[in-house]
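As structure tokens, the structure follows; a few thoughts come after it.
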Amino acid sequence: MTGHHDTTGNSPLFGTLAVIGPGLIGSSILRRARQDGTIAARLVACDASPAVRARVAELGLADRVEADPLRAVADADCVILCVPVGAVAEVGAAILPAMKPGAILTEVGSTKQSIIGAIAPFLRPDIPFVPTHPMAGTEYSGPDAGFATLFDDRWCLLTPLPDTDPAAVSIIETLWHRMGARTRIMDAAHHDRVCAIVSHLPHLLAFTICGTADDLADETRSEVLDFAASGFRDFTRIAASDPVMWRDIFLNNRDALLEMLARFTEDAQAMARAIRWGDEAFIVDRIERGRRIRRSLLENRQA
């Protein structure tokens, strides 16, 4: 099956690469592939929204822009689903029968067990499915939000199924290396727990603190908006993220997210107790740990 894919030289990894949903991630993939000739010879973009299709055409992000996903995938050697996690299985089920044998299906959702469980009944033995999660993004969405260097030095996590063809996994790993990313392969359940703490819980807290501030009495609320530079601002950046995408992520990673939220709530209560009783050592320890984590991120080029 590796006949159509060249993972070594400079010729393109794929003849035709189709991106379904050219939003922030999808349009960044297209931009990178446009810039780097070793990714694909031909690029196809597909979106249900006429406005998005018009914008993708205007930006020149693909060789073909399709409204019909079945037409978009018919001659693709690789199809990347870049739609919100709640829609991945539905779109996947629709396009799988139209894909050509040996083509690779992949996606970029932030939750893995729910996607794999939902799409499993529709998979074909002649089409390898390689779930991935590029851990990169900004608070902006849509085709204008993307940029070619979005994935540079960021992690892309791959969670292949036990029976996924290893050759296909290796091709998708090569794809992400050419996108600029570092890759790691992990189990889907482990992925969902890791992402619950490093991504999903911080977003939940950001949306919540903005809601708390929004519910304050009017005179306090106007001061929140005036003086927000002090730390609240960093939460508002995260809270500006796409609502449909995050609703889907929260509901699709419910168990892991609720577990991490419960642990955080216990730790927040412990911090409250330390403040109430003047336990300076506990408070300083917590702050030091935060500083240490920040330093490690900077050293690891992740901040």
Side-chain angles (χ1 to χ4, degrees), residues 2 4-47 49 51-67 69 71-84 99 103-110 130-158 168-184 241-242 245 300-303:
T2 48
H4 342 304
H5 312 285
D6 170 33
T7 51
T8 52
N10 292 329
S11 57
L13 197 53
F14 302 111
T16 300
L17 173 67
V19 170
I20 314 287
L24 169 66
I25 300 290
S27 77
S28 293
I29 291 171
L30 291 168
R31 283 177 170 90
R32 181 64 169 233
R34 262 276 183 263
Q35 186 185 298
D36 180 337
T38 70
I39 291 169
R42 286 172 306 283
L43 298 171
V44 181
C46 176
D47 202 278
S49 151
V52 169
R53 292 198 302 273
R55 191 64 187 133
V56 169
E58 213 172 304
L59 292 165
L61 298 183
D63 301 298
R64 274 177 32 227
V65 183
E66 297 282 358
R71 278 178 56 105
V73 306
D75 55 356
D77 301 295
C78 177
V79 175
I80 308 184
L81 301 175
C82 303
V83 296
M99 288 177 65
I104 300 175
L105 176 64
T106 181
E107 51 80 35
V108 296
S110 301
V130 186
T132 72
H133 176 201
M135 305 217 24
T138 68
E139 65 273 29
Y140 302 106
S141 39
D144 281 283
F147 47 100
T149 55
L150 179 64
F151 309 112
D152 284 353
D153 258 342
R154 294 287 173 245
W155 286 98
C156 182
L157 308 180
L158 286 76
V169 177
S170 146
I171 289 161
I172 296 301
E173 245 190 316
T174 303
L175 168 68
W176 282 105
H177 292 157
R178 294 186 187 181
M179 290 277 164
R182 313 172 185 190
T183 56
R184 189 170 298 172
S241 305
D242 182 71
M245 181 176 112
N300 202 14
R301 302 201 302 281
Q302 295 299 303

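We number each residue from 1, following the sequence as shown.
- Side chain of R53 to main chain of D47: a donor-acceptor pair is present (N/O by atom type, distance under 3.5 Å, no hydrogens or angles).
- When side chains are defined from C-beta on, P22 does not count as touching L61, because their heavy atoms never get closer than 4.5 Å.
- The nearest pair of heavy atoms linking L158 to I172 is CD2-CG2, 4.1 Å.
- For the residue pair R64 and A72, the shortest heavy atom distance occurs at NH2-CA, 4.2 Å.
- Here the shortest heavy-atom pairing between G21 and V83 reads CA-CG1, 4.3 Å.
- Between L30 and L59, the closest side-chain pair of non-hydrogen atoms is not below 4.5 Å.
- The distance from the CG atom of L81 to the CD atom of E107 is 7.0 Å, given to the nearest 0.5 Å.
- Nearest heavy-atom pair across C46 and A67 is SG-O, 4.0 Å.
- Identified under the salt bridge (charged side-chain N to carboxylate O under 4.0 Å, His left out) test for residues 131-150, with sequence neighbours left out: R55-D144, E139-R237.
- Taking OG1 from T174 and CZ from F14, the interatomic distance works out to 8.5 Å, rounded to the nearest 0.5 Å.
- When the shell of 6.0 Å around CZ of F147 is examined, it contains more than 12 heavy atoms from other residues, nucleotides or ligands.
- A salt bridge is defined here as a Lys NZ or Arg NE, NH1 or NH2 lying under 4.0 Å from an Asp or Glu carboxylate O, and D152 with R32 meets this definition.
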When you look at S27 and R31, which way does the side chain to side chain donor-acceptor pair (under 3.5 Å) test go after all the steps? CA-CA 6 Å; S27 77; R31 283 177 170 90; 2.8 Å; yes
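- Put simply, the side chain of I104 does not reach to within 4.5 Å of the side chain of M99, judged on heavy atoms.
- Minimum interatomic distance between R154 and R301 (heavy atoms only, all atoms of both residues): NH1-O, 3.5 Å.
- Residues L175 and C156 are not in side-chain contact: their nearest non-hydrogen atoms beyond the backbone lie 4.5 Å or more apart.
- Although no hydrogens or angles enter the test, the distance criterion places no donor-acceptor pair under 3.5 Å between the side chain of T132 and the main chain of L157.
- In this structure, D77 contributes its side chain and G15 its backbone to a donor-acceptor pair below 3.5 Å.
- Shown here for G26 and C82, the closest heavy-atom pair between the two residues is CA-SG, 3.7 Å.
- Between D36 and R178 no salt bridge is recorded (no basic side-chain N to carboxylate O distance below 4.0 Å).
- For T106, the side chain to side chain donor-acceptor pair (under 3.5 Å) test picks out no residue, with sequence neighbours left out.
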Applying side-chain contact (heavy atoms from CB on, under 4.5 Å), run through L24 and L150 and close with a yes or a no. CA-CA 9 Å; L24 169 66; L150 179 64; 4.3 Å; yes
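- Going from atom CE of M179 over to atom CD1 of I25 covers 10.5 Å, rounded to the nearest 0.5 Å.
- I39 places none of its side-chain heavy atoms less than 4.5 Å from the side chain of L13.
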